[in-house]
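This structure is a prediction, so every number in the text was calculated from the model and none was measured. Whatever order the structure lists them in is the order used to number ligands and atoms, beginning at 1.
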Amino acid sequence: MDGAGLPETRSACPYCGVGCGVLLRPDGQGGMDVRGDPDHPANFGRLCSKGSALAETVGLSQRLLTPRIAGRETGWDETLQLVADKFSEAISQHGPDSVAFYVSGQLLTEDYYVANKLMKGFIGSANIDTNSRLCMASSVAGHKRAFGTDTVPGTYEDLEEADLVVLVGSNLAWCHPVLYQRVLAAKTQRGTRIVVVDPRRTASCDGADLHLALRPGSDVALFNRLLAEIYQGGAFDADFLRNTTGFDAAIQTAMGDDVSVTGLSEQELAAFCKLWVGTEKVVTIYSQGVNQSTSGSDKVNAILNCHLATGRIGKPGCGPLSVTGQPNAMGGREVGGLANMLACHLDLENPDHRNTVRDFWSSSSVPEAPGLKAVDMFRAVGDGRIKALWIIHTNPAVSMPEANAVQDAIARCPFTVVSDITANTDTARLADVLLPATAWGEKDGTVTNSDRTISRQRSVLAAPGQARADWDILAEVGRRMGFEDAFDYQTPAEIFREHAALSGMAGQIGRDFDISALADISDNAYADLVPVRWPVTPNRIGGRFFGDGNFFHADKKARLLPVSWRPPAAKTGPRYPYRLNTGRLRDQWHTMTRTALSPRLSAHLPEPFVDLHPDDAATAGIEPADLVRLSSRAGTGILRARISDTVQPGQLFASMHWTGETAPSARIDALVEAATDPVSGQPESKASVVAMTRYEAAWYGFAVSADPMMLDSEYWALARTAAGYRAELAGTLVPDNWEIAARRLFAKPNAEAITVQDRVRGFARIVLHDNGTLLGALFVSPRPVAVARDYLIALPGGDAQSALSGQPGQDVISPGPVLCSCFGIGVNTILSAIETQGLMSVDAIGVALSAGTNCGSCRPELAELLLSVQNREAAE
Ligand SMILES: Nc1nc2c(c(=O)[nH]1)N[C@H]1C(S)=C(S)[C@@H](COP(=O)(O)OP(=O)(O)OC[C@H]3O[C@@H](n4cnc5c(=O)[nH]c(N)nc54)[C@H](O)[C@@H]3O)O[C@H]1N2
Ligand SMILES: Nc1nc2c(c(=O)[nH]1)N[C@H]1C(S)=C(S)[C@@H](COP(=O)(O)OP(=O)(O)OC[C@H]3O[C@@H](n4cnc5c(=O)[nH]c(N)nc54)[C@H](O)[C@@H]3O)O[C@H]1N2
Ligand code: SF4
Ligand SMILES: [Mo]
């Protein structure tokens, strides 16, 4: 990969909170090569499948390049004046709380700081909240309750030094793949044991010594059992407990809690407690299975209680580790992006903190009361209290619970501005004003990853069209609203320095986030900034917090909290008998606006599905590959059934990724109710209740095409392929003529057609071509379509005749669905190599085929495939 061309530039991956370093080599034509940065302390050169495919997502085909007002392309001057006028008008007529910003943990720190300063310092409202409310709010609340501030105590190095790593509600193998690889490497080297606590058997379980498939929402009861055993076994650290308060109450509550609600056996519980209590160096990693819950904050504190009671915190190889989702979830917390926070981990409700920030900003006032949290914010939009709304770098029409109501609310809002890199999102479609932002690869600033390491994102591509950086757009609106001096920024470096200076004042009043040693950083030094873990003060750089027993409550002591188990808000019953869990897939990022541009990433799981247990499939009369209809009090959906014992009976799992752009009936947040944690305001995205029936399709279709398709059937799901597009379709009304339907689908009214139709039995095959070159092929069947999809997707642009049979000729072996997306290697290819070459290990597969040797994200699935062959052979 080293070689000719322009020099490489260091930057950071824009996806997950691992915060991997990347080396970018632009090709001078708008493209680039991407590889892992061997010197970055998060990844030491590794990348996962998403990071490896970054170069495939920087094209301009879907980009928004010009500001738009009501769909009309405009210039910046007119557009930003309109934005400033509309916000000013709403404020003067209805007060500052009639406007709101909804922003994102994917903004760079500099963007985020400006947004927060504009709203809290100058507009004079705290109505700025962020998608981190859906993500990290419970961790923030838990940290603040226990430590007095939102501090992540440990570092990634702890993963190499731990003897036990417990993953609670975290599918690390798919969501933080490079960290999972670090844990697996440690397992090989020092025999680290891994426990997974998740109702679902995930890819992360493949490397685990123990999987506790607890009942949804019962984590507090599990950790209370652990705390009780820590106490009864005398495993608490009496010395360390002097730095804490609340131990007795926490123990008492823990002993009174009912562990049977976890559904785990006495043996499983004993095994877990024995491992945890008996291993000094334990890191407990937790993520959305903990946070996204109506008892999310209590779950966090139940975990923190165990670490505090044993003093296993802030020491090498020990501690709780809240892995952050978005690349700058931590930066957003640092700048105070949440409606109840101020910049630099200062608290909105603390008058000293407010005054410090107000004086520093020379602003007239800083609001005293917290602003609206995400769910309440969109409710306020819906009932007309918010007159002007600005959504930046997030897609709430897809990702918020009760997404249909959110969509309606945004549509009804008198004035909505959306800043995005594309106009093709469900949210952007509802905007009055669209602002084109520069994208990753084009913009400059900093991000903070899960272990407090600040890294630079650097631009290597020119801003296309009229696109401008988010901080720059925000600052200009601030100036046009009359705050010229406060938003007189020319570069992100200036903003960074200001934030660093404020953090010094926060440090002086006893806050953890202090990067004041960077307050005078020169433009050149900022340009060259190497990854650095905060704090960064004249006396201290990086390191762990709390090993010394000093916490951030006024008395310097940590709090153990008495917390007891509560069930999820929604109850299953005859009407809604299933519990719907939602989450992520290996190769897609959220609402897919970037990852779905990559054919490689789209190949892993190209269609939305719902996992259901075989027993439930039998009860509901659902067969493999059927479509199912899900319905909840909030909405309905149609998804492909994947019958699987990875989920427990009564539970379903669906991913959060699909949207109006890719599969409208699978926009899963349409079904998720907006119940929230009373402390953090975080919604319970993982425990909705739904009904499930077979979707009685009259026809099913599968289509491949070279060009975009015009999809309008009741069910459809679209994905990119190397040769164009693929789509799954279904409906309840059969068109009169499939050829006409196919011409409409492919938008090719005049193309030559080869048509095979059996109207009586309901089969059809239509191949449209141009002189023998395949333009599009549609396969229709009254049952789920059985054709060789992985064979067909390669054909558009090639020989049309080869498509007609839907299957490869006898001499061609179909590669099967892609498993290793880095090298595009299919399941059949791997199976055949395992069988013919007698491969015995994942490494042997790598040697034979390269599969699994780049990012390693598919290694758990390779291991499972190997096991399935070995089990089959053993049974034969
Ligand atoms: N590939 C990929 N990686 C990503 C992202 C992405 O979109 N795609 N997004 C990033 C972001 S923003 C985030 S926040 C992280 C999220 O990373 P994770 O939190 O690891 O991902 P999820 O799949 O949302 O949920 C994790 C697990 O919680 C489990 N769970 C559900 N209910 C419970 C429960 O009651 N208790 C317990 N213990 N577990 C439960 C689910 O079964 C699921 O396996 O991923 C980041 N990384
Ligand atoms: N059911 C369910 N719902 C969930 C979750 C779940 O587990 N289950 N998880 C929740 C969590 S943890 C999260 S973090 C959220 C994520 O949900 P969202 O934040 O809504 O999802 P993204 O697709 O990341 O949205 C980012 C948007 O920013 C745009 N964009 C990209 N780059 C830039 C840029 O540089 N500037 C600007 N202005 N825009 C840009 C993208 O095109 C995209 O439209 O979803 C939440 N919703
Ligand atoms: S683990 Fe993957 S998605 Fe996350 S930062 Fe690293 S390369 Fe990017
Ligand atoms: Mo997230």
> Which option, Gln292, Arg584, Arg63, owns the non-hydrogen atom nearest atom 13 (C) of ligand 2?
Replying inline: Arg584
> For atom 14 (S) of ligand 1, which protein heavy atom lies nearest, and how many Å away is it?
Replying inline: Gln288 NE2, 2.8 Å
>> Check this for me - ligand 1, His657, N or O atoms closer than 3.5 angstrom, yes or no?
In response: no
> Which protein non-hydrogen atom lies closest to atom 8 (N) of ligand 1, naming both residue and atom, and how far is it?
Replying inline: Gln588 O, 2.6 Å
> Strictly by modelled atom types, are Gln326 and Trp589 linked by a side-chain donor-acceptor pair under 3.5 Å?
Replying inline: no
>> Tell me the protein heavy atom at minimum distance from atom 38 (N) of ligand 1, and give that distance in Å.
In response: Asp219 OD2, 2.7 Å
>> Is Leu107 close enough to touch ligand 2? Criterion: a residue heavy atom under 4.0 Å from a ligand atom.
In response: no
>> Would you say the ring centers of Phe653 and Phe609 fall short of 6.0 Å from each other?
In response: no
> How close does the nearest protein non-hydrogen atom get to atom 43 (C) of ligand 1, and which residue and atom is it?
Replying inline: Asp198 OD2, 3.3 Å
> At a non-hydrogen distance cut-off of under 4.0 Å, which region of Lys50 contacts ligand 1 (side chain, backbone, both, or neither)?
Replying inline: side chain
> Counting only heavy atoms, which portion of Trp174 has something under 4.0 Å from ligand 1: side chain, backbone, both, or neither?
Replying inline: backbone
> Charged N to carboxylate O under 4.0 angstrom, Glu442 versus Arg63?
Replying inline: yes
> Salt bridge or not for Arg859 and Asp206, using N-O below 4.0 Å?
Replying inline: no
> Does even one non-hydrogen atom of Lys686 get within less than 4.0 Å of ligand 2?
Replying inline: yes
> Does the distance from a Lys or Arg side-chain N to an Asp or Glu carboxylate O, for Asp150 and Arg333, drop under 4.0 Å?
Replying inline: yes
> Is the closest N or O pair between Ser419 and ligand 2 shorter than 3.5 Å?
Replying inline: yes
> Is Asp587 salt-bridged to Arg600, cutoff N-O under 4.0 Å?
Replying inline: no
> Where does Thr324 meet ligand 1, judged by heavy-atom distances below 4.0 Å: at the side chain, the backbone, both, or neither?
Replying inline: neither
> Is there a nitrogen or oxygen of Pro216 sitting under 3.5 Å from a nitrogen or oxygen of ligand 1?
Replying inline: no
> What about Cys135: any of its N or O atoms under 3.5 Å from an N or O on ligand 1?
Replying inline: no
> Do any nitrogen or oxygen atoms of Gln106 come within less than 3.5 Å of a nitrogen or oxygen of ligand 2?
Replying inline: yes
>> Just to be sure I'm reading this right: ignoring hydrogens, which of Leu435, Asp420, Ile473 gets closest to atom 44 (O) of ligand 2? Compare them by their nearest heavy atoms.
In response: Asp420
> With Arg667, which of Thr662, Thr591, Asn404 fulfils side chain to side chain donor-acceptor pair (under 3.5 Å)?
Replying inline: Asn404
> Between the side chains of Ser170 and Gln288, does any donor sit under 3.5 Å from an acceptor?
Replying inline: no
>> As a check for students: among Gly169, Pro199, Pro568, identify the option with a heavy atom nearest to atom 33 (C) of ligand 1.
In response: Pro199
>> Among all the protein's non-hydrogen atoms, which is closest to atom 35 (O) of ligand 1, and how far away is it?
In response: Gly217 N, 2.6 Å
> Taking atom 17 (O) of ligand 2 as the point of reference, which of Ser399, Ala403, Ala596 owns the nearest heavy atom?
Replying inline: Ser399
>> On a heavy-atom basis, I'd like to know which of His393, Glu661, Met592 is closest to atom 26 (C) of ligand 2.
In response: His393
>> Against ligand 1, does Met656 come closer than 4.0 Å with any heavy atom?
In response: no
>> Checking the N or O distance criterion of under 3.5 Å, is ligand 1 in contact with Ser218?
In response: no
> Can you tell which part of Arg579 has a heavy atom less than 4.0 Å from ligand 1: side chain, backbone, both or neither?
Replying inline: neither
> To the nearest 0.1 Å, how far is atom 23 (O) of ligand 2 from its closest protein heavy atom, and which atom is that?
Replying inline: Thr591 OG1, 2.6 Å
> What protein heavy atom sits nearest atom 11 (C) of ligand 1, and how far off is it?
Replying inline: Gly325 CA, 3.2 Å
>> Within ligand 2, which atoms have a heavy atom of Ala437 less than 4.0 Å away?
In response: 36 (N), 37 (C), 38 (N)
> Which residue holds the protein heavy atom closest to atom 12 (S) of ligand 1, what is that atom called, and what is the gap in Å?
Replying inline: His590 NE2, 3.0 Å
> Does ligand 1 have any atom that is closer than 4.0 Å to a heavy atom of Asn291?
Replying inline: no
> Between the candidates Thr130, Thr394, Leu134, which shows the shortest non-hydrogen contact distance to atom 46 (C) of ligand 2?
Replying inline: Leu134
> For ligand 2, is any non-hydrogen atom under 4.0 Å from Asn395's backbone (N, CA, C, O), its side chain (CB onward), both, or neither?
Replying inline: both
>> Looking at Arg642 and Asp611, is any side-chain nitrogen of the basic one under 4.0 Å from a carboxylate oxygen of the acidic one?
In response: yes
>> Please determine whether a side-chain nitrogen of the Lys or Arg among Asp257 and Arg225 lies less than 4.0 Å from a carboxylate oxygen of the Asp or Glu.
In response: no
> At what distance is the nearest protein heavy atom to atom 21 (O) of ligand 1, and which residue and atom is it?
Replying inline: Cys175 SG, 3.3 Å
>> Heavy-atom pairs closer than 4.0 Å: do any link ligand 1 to the side chain of Cys16, the backbone, both, or neither?
In response: side chain
